There are 2 protein chains.
Amino acid sequence: MHSQNLINVITDALPSLNKSETKVARVILSDPDAATQSSIATLAKKAQVSEPSVNRFCKRFNAAGFPDFKLKLAKSLASGIRFVNRNVDPDDDVTSYTPKIIDSTINTLAMVRDKISHARVNLVVDKLIQAKRIYFFGLGASGSVARDAENKFFRFNLPVSSHDDVLMQRMLASTGGTGDVFFVISHTGRTKEVVEVAEIARGNGSTVIGLTAADSPLADMCTVTLDVDVPENTDEYMPMASRIVHLVILDVLATGVTLRRGPDFLPHLEKIKNSLKPTRYRAES
Amino acid sequence: MHSQNLINVITDALPSLNKSETKVARVILSDPDAATQSSIATLAKKAQVSEPSVNRFCKRFNAAGFPDFKLKLAKSLASGIRFVNRNVDPDDDVTSYTPKIIDSTINTLAMVRDKISHARVNLVVDKLIQAKRIYFFGLGASGSVARDAENKFFRFNLPVSSHDDVLMQRMLASTGGTGDVFFVISHTGRTKEVVEVAEIARGNGSTVIGLTAADSPLADMCTVTLDVDVPENTDEYMPMASRIVHLVILDVLATGVTLRRGPDFLPHLEKIKNSLKPTRYRAES
DNA sequence: ATAATTTGCGTAAGTTTACTACAATATTAG
DNA sequence: CTAATATTGTAGTAAACTTACGCAAATTAT
């Protein structure tokens with residue numbers, strides 16, 4: 001539960017405030033940053049009111065007192081500046097669109113972090129551990145996510161593959177059975193082909209895991225769904241944040257599997273890492 | 001210019017602190033949120049040190065005093081980074097490793113946001129705009145990044161392709177020339193095959209853009225390098241953060257290209273988006 | 001219109017909190 | 001082992017914050 005930005009709250013409450021409270025609000029809003037650094041006395045003087053008035057003002061906005069209020073204000077400022085204007089404007093230049101895009105990705109990740117169901121993650125790790133075979137399916141942008149997943153999970157010494165060909169997916173889904181895990185990745189969860197494939201796999205007793213939007217047709221079809229609600233506002237014309245979120249969730253799952261495998265498994269990962277050494281130029285140092 | 005996160009600063013400084021300062025740091029890092037709400041006395045007691053020690057601790061980190069320190073700490077917390085101990089412990093369970101991994105990704109992105117050279121980004125956008133053809137090259141995990149880039153850039157109505165086959169890359173590199181852009185993605189920048197391919201392309205007068213580690217052999221080979229220094233501590237056994245960073249940077253570049261193309265270009269993107277509609281189940285609402 | 005009641009605001013006193021100067025202790029180097 | 005330096009704590013002081021109380025203004029009822 002994210003608390004609403006304090007500055008907005010104060011602005012909204014402005015009409016319902018009485019005289020001295022309005023004075024205090026004006027001063028704070030005119031320079032919130034300065035407010036966080038001044039003492040109650042300085043602020044009272046600036047607003048031409050008494051110190052207790054400032055204190056009462058703070059309490060009105062659900063703060064324990066003045067210091068607590070300053071703290072909350074500071075937090076609002078820190079998060080506010082970054083998150084307010086997420087959208088890229090047509091006349092932005094590099095220096096503004098670059099941080100905007102990165103910040104919006106960060107923001108989305110922070111949201112997922114707070115909302116993701118740990119129980120579900122755990123359950124999916126269970127299923128992946130128990131799998132005899134894992135297929136990662138995805139189309140379009142999710143195709144490369146699937147491929148990345150393959151690259152990650154083959155390290156667990158399991159038969160893993162990724163597919164972005166619908167016909168291939170259909171065929172594999174229809175020949176699968178108990179012990180097979182179909183890991184279906186889709187941003188919208190509404191692509192017909194993908195939903196159908198999930199249905200076929202499910203019908204044959206395979207486990208179907210969905211990394212997709214909640215309450216989507218695909219989600220309904222899956223044994224377990226890791227649902228991700230990514231606000232669409234950033235993905236104006238191409239999937240951006242959702243892709244990243246999917247990849248990070250796959251990182252989480254891979255970590256989960258590694259931890260379950262226990263320390264005996266680490267040498268195996270080490271071996272894979274070392275296998276690449278001869279392909280590289282040595283680091284000078 | 002974004003200021004570095006206080007929590008990270010403290011974590012980094014940890015080894016260089018003396019006894020009582022370390023105690024204070026431990027208490028703060030173990031529960032930063034609680035720290036922002038406690039008085040200097042409470043904190044001193046928790047850390048088993050005297051109040052002035054806490055005060056000195058604050059000053060060491062460029063705060064005017066304890067209250068100012070709390071303010072800065074609060075701001076750091078607000079920016080979305082919570083877990084300090086970024087590394088996953090072998091005995092972590094879902095509820096701890098999930099946020100840890102996400103936070104470490106967030107952290108890395110925040111670092112990139114602050115460090116990335118806008119001039120370079122701009123330059124790369126220039127090159128991409130001018131390109132007659134774009135090839136995205138990557139191996140292993142970077143292979144799927146390259147593919148994702150293809151999926152993004154084909155929308156600009158340019159001949160774009162991605163390749164993760166070394167022989168294919170070699171052949172294409174040797175047949176390229178002026179006007180061709182080879183966009184080479186590599187986490188380490190030290191994979192011999194990749195560096196050689198870059199060399200070949202460069203020799204033929206093509207533009208070679210590197211999305212890779214600074215000061216690496218690959219970086220030396222490129223016309224322009226977007227260098228990304230991702231701390232390795234998270235990528236214990238598989239590339240994690242670097243991949244994400246590469247993708248986000250490609251998002252930034254795609255945005256840059258879109259903006260340069262101007263508003264006349266938006267209908268084209270819209271058309272691509274709409275082309276997918278018939279493949280989807282309609283949203284019930 | 002005036003009395004009663006509520007609401008708003010400030011004064012002053014009390015309490016907590018934070019800072020400074022200095023002293024004691026520990027640590028290191030010679 | 002002693003001197004120098006760095007580190008930590010004690011005590012006092014200043015400041016910042018809160019509370020209690022009371023007056024004044026505004027509102028409402030008579």
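So you know, we letter chains A, B, ... as the sequences are listed, proteins then strands, and number each from 1. What you are looking at is a predicted structure, and each value in this text was computed from that prediction instead of being measured.
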Q: Check B:Lys75 with A:Asp33, please: is the shortest side-chain N to carboxylate O separation under 4.0 Å?
A: yes
Q: Taking A:Asp68 first and then A:Lys59, would you say they form a salt bridge - that is, a charged N and a carboxylate O separated by under 4.0 Å?
A: no
Q: For the CG atom of B:Leu71 and the CD atom of A:Gln37, what is their distance to the nearest 0.5 Å?
A: 6.5 Å
Q: Measure the spacing between CE of B:Met111 and CG of B:Asp114 and express it to the nearest 0.5 Å.
A: 9.0 Å
Q: Between A:Ser39 and A:Thr42, is a side-chain hydrogen bond (donor to acceptor under 3.5 Å, both in side chains) present by the stated rule, with each step listed?
A: CA-CA 5 Å; A:Ser39 72; A:Thr42 338; 2.7 Å; yes
Q: Keeping the roles fixed (side chain from B:Arg120, backbone from B:Thr225), state whether a donor-acceptor pair exists under 3.5 Å.
A: yes
Q: Ignoring hydrogens, what is the shortest heavy-atom contact between B:Thr212 and B:Thr188? Give both atom names and the distance.
A: OG1-C, 4.0 Å
Q: Any residue in residues 48-72 of chain A with a heavy atom nearer than 4.0 angstrom to DNA chain D? Just list them by number, or reply none.
A: A:Glu51, A:Pro52, A:Asn55, A:Lys59, A:Gly65, A:Phe66, A:Pro67, A:Lys70
Q: Just to be sure I understand the geometry, which residues of residues 14-33 of chain A put a non-hydrogen atom under 4.0 Å away from DNA chain C?
A: A:Asn18, A:Lys19, A:Ser20
Q: Please report the shortest heavy-atom distance between B:Gly189 and B:Ser216, naming the atom on each side.
A: O-CB, 3.6 Å
Q: Rounded to the Å, how far apart are B:Gln37 CD and C:dT16 C1'?
A: 17 Å
Q: To the nearest 10°, give me the bend of the helix from C:dA1-D:dT30 to C:dG30-D:dC1, comparing the axes of its five terminal pairs at either end.
A: 20°
Q: Quick check on the 6.0 Å ring-centre criterion: do B:Phe57 and B:Phe69 meet it?
A: yes
Q: When the distance from CD1 of B:Ile40 to C1' of D:dA11 is rounded to whole Å, what number comes out?
A: 15 Å
Q: Does A:Arg60 pair with A:Glu21 as a salt bridge, N-O distance under 4.0 Å?
A: yes
